[in-house]
J.: 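Next up is a structure, given as structure tokens.
The shown structure was predicted, so the numbers you read here are calculated from the model rather than taken from an experiment. Naming: A, B, ... by sequence-line order, numbering from 1 per chain.
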There are 2 protein chains.
Amino acid sequence: MDTGTERKIRPSSLDRAAWIKGALAALADEGHAGLRVETLAKRLHVTKGSFYWHFRDRRDLVDAVLDEWKRGRIADIHKQTAAAPGKELEALRHTIEVYSASRNRKGLPIELAVREWASRDARAAAVVEEVDAERVACAARLFESLGLEPAEAAARSVLLYAYVFGFSLMRCNRFMPDSRAAKAWITERIAN
Amino acid sequence: MDTGTERKIRPSSLDRAAWIKGALAALADEGHAGLRVETLAKRLHVTKGSFYWHFRDRRDLVDAVLDEWKRGRIADIHKQTAAAPGKELEALRHTIEVYSASRNRKGLPIELAVREWASRDARAAAVVEEVDAERVACAARLFESLGLEPAEAAARSVLLYAYVFGFSLMRCNRFMPDSRAAKAWITERIAN
DNA sequence: GATTTTCAATACCGTACCGTATGGACACCG
DNA sequence: CGGTGTCCATACGGTACGGTATTGAAAATC
């Protein structure tokens with residue numbers, strides 16, 4: 001079994017970040033159950049030797065995935081809510097619409113997978129809590145700048161995010177006569 | 001290995017329904033990943049011999065669980081929305097509150113687990129769609145009887161269910177100054 | 001009482017999965 | 001060129017898991 005010549009062909013190395021990226025893709029496609037070392041390796045066209053070079057164990061990867069997700073979400077929140085004065089309502093509407101767009105390719109499946117995982121894993125739950133706190137705070141700030149009181153601003157921002165996550169869990173496409181109009185009505189009911 | 005005397009003690013038999021019930025409990029505690037034959041058997045204090053007597057294979061159990069969940073949900077929907085004339089608003093508020101109650105012991109975790117599973121399994125997705133259609137139709141009927149137009153009634157019923165599911169995915173308890181008041185505000189915003 | 005049915009335990013097989021140990025290959029540096 | 005570091009492939013071990021085959025025992029039936 002001497003295949004030295006085959007072994008010489010080494011594609012560009014995978015770094016730790018590439019593994020995390022692959023794991024996030026698997027998370028979108030398969031949920032938490034997709035975070036398996038060997039199937040991830042296969043997905044990335046390497047074997048688990050590479051995995052164990054970069055990560056101590058599976059938990060190490062899982063924690064890295066959560067940290068990366070958090071970083072990305074919080075960066076997005078800040079981007080979405082960085083409205084110029086006078087454009088707050090527009091930013092809020094846009095936030096609703098981004099999530100309501102028919103099955104945001106990767107972001108929403110990952111979001112839902114992380115939240116399902118959070119119901120059973122303390123570490124994931126802590127991360128979700130941080131992200132939610134940041135989200136609700138940023139959205140509430142936008143609502144406040146529209147002249148709403150802090151209590152109502154907070155309620156609205158909770159409703160906003162609860163709606164978009166919940167809606168994505170529902171299967172309404174086939175039986176809703178006019179989902180476009182319904183969504184528009186709901187957006188106004190939340191934001192306005 | 002002759003332990004005939006131990007074998008003589010036979011507790012009352014498990015029937016198929018007991019297995020399905022145990023599976024639903026596991027679904028609440030562990031999500032779809034909890035539907036494993038051997039761990040279920042352990043949970044029910046038998047071995048998998050019993051399982052294979054009652055079910056052809058795991059898929060047979062899984063389908064039975066989905067059917068049972070659907071039957072139960074639809075029965076509940078009808079119960080919750082069977083409002084006496086003049087009590088429609090109350091029924092709608094109650095529906096929101098039932099789901100918003102702090103972590104409904106089993107119903108909501110199962111609901112969320114089934115929905116997560118539905119994002120990756122066509123059979124589960126079909127069941128969720130049926131349940132959603134029935135839910136939205138029943139709630140819309142209540143809204144209509146309050147004098148709302150069909151389009152607005154439909155939008156409100158979607159918002160109602162999207163909100164309660166989404167809210168249960170969020171982790172707001174620690175950072176929300178007054179979640180009770182926020183929930184009350186949201187309930188009125190949806191129902192009224 | 002003998003036979004049949006119902007229900008369940010267990011052995012076995014093959015595959016999946018995580019983690020550890022070992023060896024290989026390439027790049028870089030002194 | 002030899003040594004070191006980086007990165008990865010593979011073999012191995014142990015456990016989990018679904019499914020099949022076989023056997024045993026209690027309950028039901030004749």
J.: Please state how far atom CH2 in A:Trp19 lies from atom C1' in C:dC18, giving the value in whole angstrom units.
T.: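 For the pair A:Trp19 CH2 and C:dC18 C1', the rounded distance is 13 Å.
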
J.: Could you give the CG-to-P distance, from B:Leu14 to D:dA26, as a whole number of Å?
T.: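 From B:Leu14 CG to D:dA26 P: 17 Å.
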
J.: Is there a side-chain contact between B:Val62 and B:Trp117 in this structure, where contact means two heavy atoms from C-beta onward sitting under 4.5 Å apart?
T.: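 When only atoms from C-beta onward are counted, B:Trp117 and B:Val62 do touch, with a gap below 4.5 Å.
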
J.: In a check of side chain to side chain contact (heavy atoms under 4.5 Å, CB included) between B:Ile74 and each of B:Lys79, B:Glu134, B:Arg135, which one passes?
T.: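 Passing option: B:Glu134.
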
J.: Consider the side chain of A:Trp53, meaning its heavy atoms from C-beta on, and name the nucleotide among C:dC7, C:dA9, D:dC8 that approaches it most closely.
T.: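 The answer is D:dC8, which lies nearest to the side chain.
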
J.: Rounded to whole Å, how long is the line connecting atom CG of B:Asp15 with atom P of D:dA27?
T.: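 After rounding, the reported distance stands at 16 Å.
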
J.: Treat primed atoms plus P, OP1 and OP2 as sugar-phosphate and everything else as base, then score nucleotides 13-19 of chain D 5' to 3': B for base contact with protein heavy atoms under 4.0 Å, S for sugar-phosphate contact only, - for none.
T.: ----BBB

J.: Taking atom P of C:dC7 as reference, at what distance in whole Å does atom CG of B:Leu44 sit?
T.: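 The answer, rounded to whole Å, is 15 Å.
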
J.: So for atom NE2, which belongs to B:His54, do other residues, nucleotides or ligands contribute more than 12 heavy atoms lying within a distance under 6.0 Å?
T.: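 It does: B:His54 NE2 has more than 12 such atoms within range.
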
J.: Given side chains that start at C-beta, do those of A:Val164 and A:Thr95 come closer than 4.5 Å, heavy atoms only?
T.: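 No, every pair of side-chain atoms sits at 4.5 Å or beyond.
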
J.: Under 4.5 Å between any side-chain heavy atoms of A:Tyr52 and A:Asp60, yes or no?
T.: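 Answer no - side chains too far apart.
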
J.: Provide, to the nearest angstrom, the distance between the CG atom belonging to A:Leu40 and the P atom belonging to C:dG19.
T.: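 So the two atoms are 12 Å apart, to the nearest Å.
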
J.: Please report, rounded to the nearest Å, how far the P atom of C:dC18 is from the CZ atom of A:Phe55.
T.: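 Rounding to the nearest Å, CZ of A:Phe55 and P of C:dC18 are 13 Å apart.
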
J.: Side chains of A:Arg171 and B:Glu130: does their closest heavy-atom pair fall under 4.5 Å?
T.: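 The answer is no; the side chains never approach within 4.5 Å.
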
J.: For a quick test of reading the model: is some side-chain N or O of A:His54 closer than 4.0 Å to OP1 or OP2 of D:dC8?
T.: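 Yes.
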
